[in-house]
Amino acid sequence: MSILVNNNTRLIVQGITGREGMFHAEQMIAYGTNVVGGVTPGKGGQWAVGVPVFDSVRDAVRATEANTSIIYVPAAFSPDAILEAVDAGIKLVVCITEGVPTLDMVRVRAYIDQTDARLIGPNCPGLITPGAAKVGIMPGHIHIPGNVGVVSRSGTLTYEVVAALTARGIGQSTAVGIGGDPIIGSTFIDILELFETDADTEQVVMIGEIGGTDEEEAARFIRDHMSKPVTGFIAGQTAPPGKRMGHAGAIISGGKGTAAEKVQALEAAGVRMAKQPTDIAELVAANIGR
Amino acid sequence: MNLHEYQSKRVFARYGIPIPKGEVASTPTEAREIAGKLGGKVVVKSQVLVGGRGKAGGIKLAVDKDDAEEKAKAILGMDIKGLTVAKVLVDEAADIKDEIYLGLVIDRARRRVVMMGSSEGGVDIEEVAATMPDKIVKVAIDPCIGFRSYQAMDLATALGIPKELTRSFAQIASGLYSAFVDSDASLAEINPLVVTGDGKLLAVDGKMSIDDNALYRHKALAELRDPSEEDPYEVEARRYDLSYVKLDGDIGCMVNGAGLSMATMDMIKLFGGAPANFLDIGGGATSERVAAALRIILSDQNVKTVLINIFGGITRCDEVARGIVTALGEVGATCPMVVRLVGTNETEGRAILADAKMETASTLAEAAQKAVAASQS
């Protein structure tokens, strides 16, 4: 099993003829992901990286029976791209794009909540089920199949942690980057819930950061609903308040959203917290007696 | 991006929110002229982008135009929390009977814009939230149906707005919501919203923050940015789409990804060093952007060592390496550098850097340790 993406994934790439879209479509195909087509309005009928390009997601779905979409279009067009995919019947939409205005996401999220589609991101690295499907921008080779579920607000920090797990021979069931924006499609809780019921996932690594209260809410969920062990890390322990640390969502405002508060909430919920990201692999290994 | 008080209030006024008569002055003489035109008592208010202006002595009442000139002379050029006052707003003084707080923020947990009101206006709302949370009334607004008049009525009742002012209050609340949404704000607040002696509502002070990601579609608002209020390095970084925050330490950091940047800073601290900055080169950075990043880091006089930590995904290590080589060709290596390049195109990237004689590291811990050691030698 695994969660969300696997061998049944039929992926289309929105923005496949752009610089990033094309580069990563190629990388995903090379990894073995079943990329069935791409979408760029006005370029329907062409081919890119060996797959057909369509004018709209609707055309792409009709021709390829795609069930998953990944978005690499510029921020100004991303809200539309997400909504277009959902309206065309795509059940899992992954938006990589960084810099989508927050109020756009408030509206997009309110719309998606009325449908049965799921959004990952925006401003995220995507997700990967090692050995089966890579739907994102992460370097595939650092992952190996296994039983640790990974969920994170960060991109590159997740690679760091995954690489350390892999170096110890500990594989991953699925690694999901949920994104660093204030309003995102799927939160920690949404993904933790999936890992809890996934037969292939034995334990979970959760990587949070300063800002917001998502980690505190996840802590309550873990305390009340998770039976699998969770190991955690919070980035930004040295971040000054009032300064936005890159991610639109990573800001300590009004004394809220500090790393210390989050660490405390997660520890109280039984999560084993790593002091530094490189310790995570060790804590995970201890859980399986390695 | 934060707007000054006078800029925020001008936006509010366009949405039918009553604000005091007033104008901006950058010299005491100008302040005198404005006060003369307004007649009567005025308030001279420093325009700097920090809270607590009143407590710092940056807001003063003046009884006439002579007094306004004096007060402006005292306030202009004043240092408030590290910022120099270059402008004052000269506003007609309001006859204050009661003070209310009214603000809008994006509530992340509810995924809604939330209107907050408090009968404890005029003070720091975060303090009210901390000490008297029950004094804050909140209304979540559905983005599809917008702010409704019943919600305004509910708020008016909860805040104890006099009956004869509820209609006026509803117009102000609804105007504030429209201003918020139309401007892609992340914060819009009126504090205080004053009930005047003659029974009217007046937005005496205001504040707005605009979502930086939405500025591309708000050209007029984007032009209001005041670079004199910002760190010059941060201004330069923004030109290249770099996310940079100046800090106090001496190890310059260049990292890809916000989470990894924060974790890198945390690691430096853990090994006893101090980061000079937060710098995220973003996803898919080109060599030009990387070169700009390195130039900015090296132009900070405090920097004794540079730590470059790249875990390539959408960012390609060869692009980063080319940027490093370009920047070093221009400014030269002025201090020791520790480089860690892993992920997408790492072999190509390392090959490009092979001639650059830099200290390399294979793990984050090793990189942080080497950078701290170099900064302390």
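Values reported hereafter were calculated over all heavy atoms of this structure, with side chains retained and with hydrogens, waters and symmetry mates removed. Only a predicted model underlies this, so the values are computations on that prediction, with no experimental measurement involved.
- Only the backbone of B:A185 comes within contact range of chain A, with at least one heavy atom under 4.5 Å from a heavy atom of that chain.
- A:Q237 is linked by a side chain to side chain donor-acceptor pair (under 3.5 Å) to nothing, counting only residues two or more places apart in sequence or in another chain.
- Between the side chains of B:E189 and B:Y101, a donor-acceptor pair is found at a separation under 3.5 Å.
- Checked by atom type and distance alone, the side chain of A:T115 pairs as donor or acceptor with a backbone atom of A:A117 at under 3.5 Å.
- Side-chain contact of B:Y15 with B:D182: a donor-acceptor pair under 3.5 Å is present, judged by distance alone.
- For the set A:K243, A:K275, A:M138, the entry with the most heavy-atom pairs within less than 4.5 Å of chain B is A:K243.
- Of the charged side-chain nitrogens involved, none lies within less than 4.0 Å of a carboxylate oxygen, so that B:D318 and B:R350 do not count as a salt-bridged pair.
- Taking B:D184 as the reference, B:R217, B:H218 meet the side chain to side chain donor-acceptor pair (under 3.5 Å) condition, with sequence neighbours excluded.
- Looking at A:N123, neither its backbone nor its side chain comes within 4.5 Å of chain B, counting heavy atoms on both sides.
- Listed options B:N309, B:I106, B:T344 were ranked by heavy-atom pairs under 4.5 angstrom with chain A; first place goes to B:I106.
- Of the possible polar contacts, none joining the A:T231 side chain to the A:L283 backbone as a donor-acceptor pair under 3.5 Å is found.
- Remark: the B:S186 side chain and the B:S209 side chain contain no N/O donor-acceptor pair separated by less than 3.5 Å.
- With respect to chain B, the highest number of heavy-atom pairs below 4.5 Å among A:G155, A:G249, A:A239, A:A75 belongs to A:G249.
- Using a 4.5 Å cut-off between heavy atoms, B:R110 does not touch chain A at all.
- Using a 4.5 Å cut-off between heavy atoms, B:L279 does not touch chain A at all.
- With a 4.5 Å cut-off on non-hydrogen atoms, B:L364 touches chain A through its backbone and its side chain both.
- Per-residue heavy-atom pair counts under 4.5 Å with chain B were compared for A:E209, A:R109, A:R107, and the maximum is reached by A:R109.
- Neither the backbone nor the side chain of A:P125 has a heavy atom closer than 4.5 Å to any heavy atom of chain B.
- With a 4.5 Å cut-off on non-hydrogen atoms, A:R153 touches chain B through its side chain but not through its backbone.
- Top candidate by heavy-atom pairs under 4.5 Å with chain B, chosen from A:A167, A:G211, A:P240, is A:G211.
- Of the candidates A:I207, A:I222, A:I178, A:I178 is the only one forming a side chain to side chain contact (heavy atoms under 4.5 Å, CB included) with A:F188.
- For the pair A:R19 and A:Y72, the cation does not sit on the ring face, since its NZ or CZ is not both under 6.0 Å from the ring centre and inside 45° of the axis.
- Chain B forms more heavy-atom pairs under 4.5 Å with one residue of A:G242, A:P101, A:A250 than with any other, namely A:P101.
- Heavy-atom distances place the backbone of A:I234, and not its side chain, under 4.5 Å from chain B.
- If you measure heavy-atom distances from A:T102 to chain B, the contacts under 4.5 Å come from both the backbone and the side chain.
- For a residue to count as touching a neighbouring chain, one of its non-hydrogen atoms must lie under 4.5 Å from one of that chain's; by this rule A:A76 touches chain B with backbone and side chain alike.
- A donor-acceptor distance shorter than 3.5 angstrom exists from the side chain of B:D266 to the backbone of A:G236, with no hydrogens or angles considered.
- Under the 4.0 Å criterion applied to side-chain N and carboxylate O atoms, B:E366 and B:K370 are assigned as salt-bridge partners.
- Both the backbone and the side chain of B:M265 come within contact range of chain A, each with at least one heavy atom under 4.5 Å from a heavy atom of that chain.
- Contact of A:H247 with chain B is made through backbone and side chain together, with heavy-atom distances under 4.5 Å.
- Looking at B:V255, neither its backbone nor its side chain comes within 4.5 Å of chain A, counting heavy atoms on both sides.
- Both the backbone and the side chain of B:F180 have a heavy atom closer than 4.5 Å to some heavy atom of chain A.
- Under 4.0 Å is where a charged nitrogen must lie from a carboxylate oxygen, and between B:E236 and B:R239 at least one such pair does.
- Within the 4.5 angstrom heavy-atom criterion, no atom of A:Y111 approaches chain B.
- The candidate from A:I184, A:D104, A:I210 with the greatest count of non-hydrogen atom pairs under 4.5 Å with chain B is A:D104.
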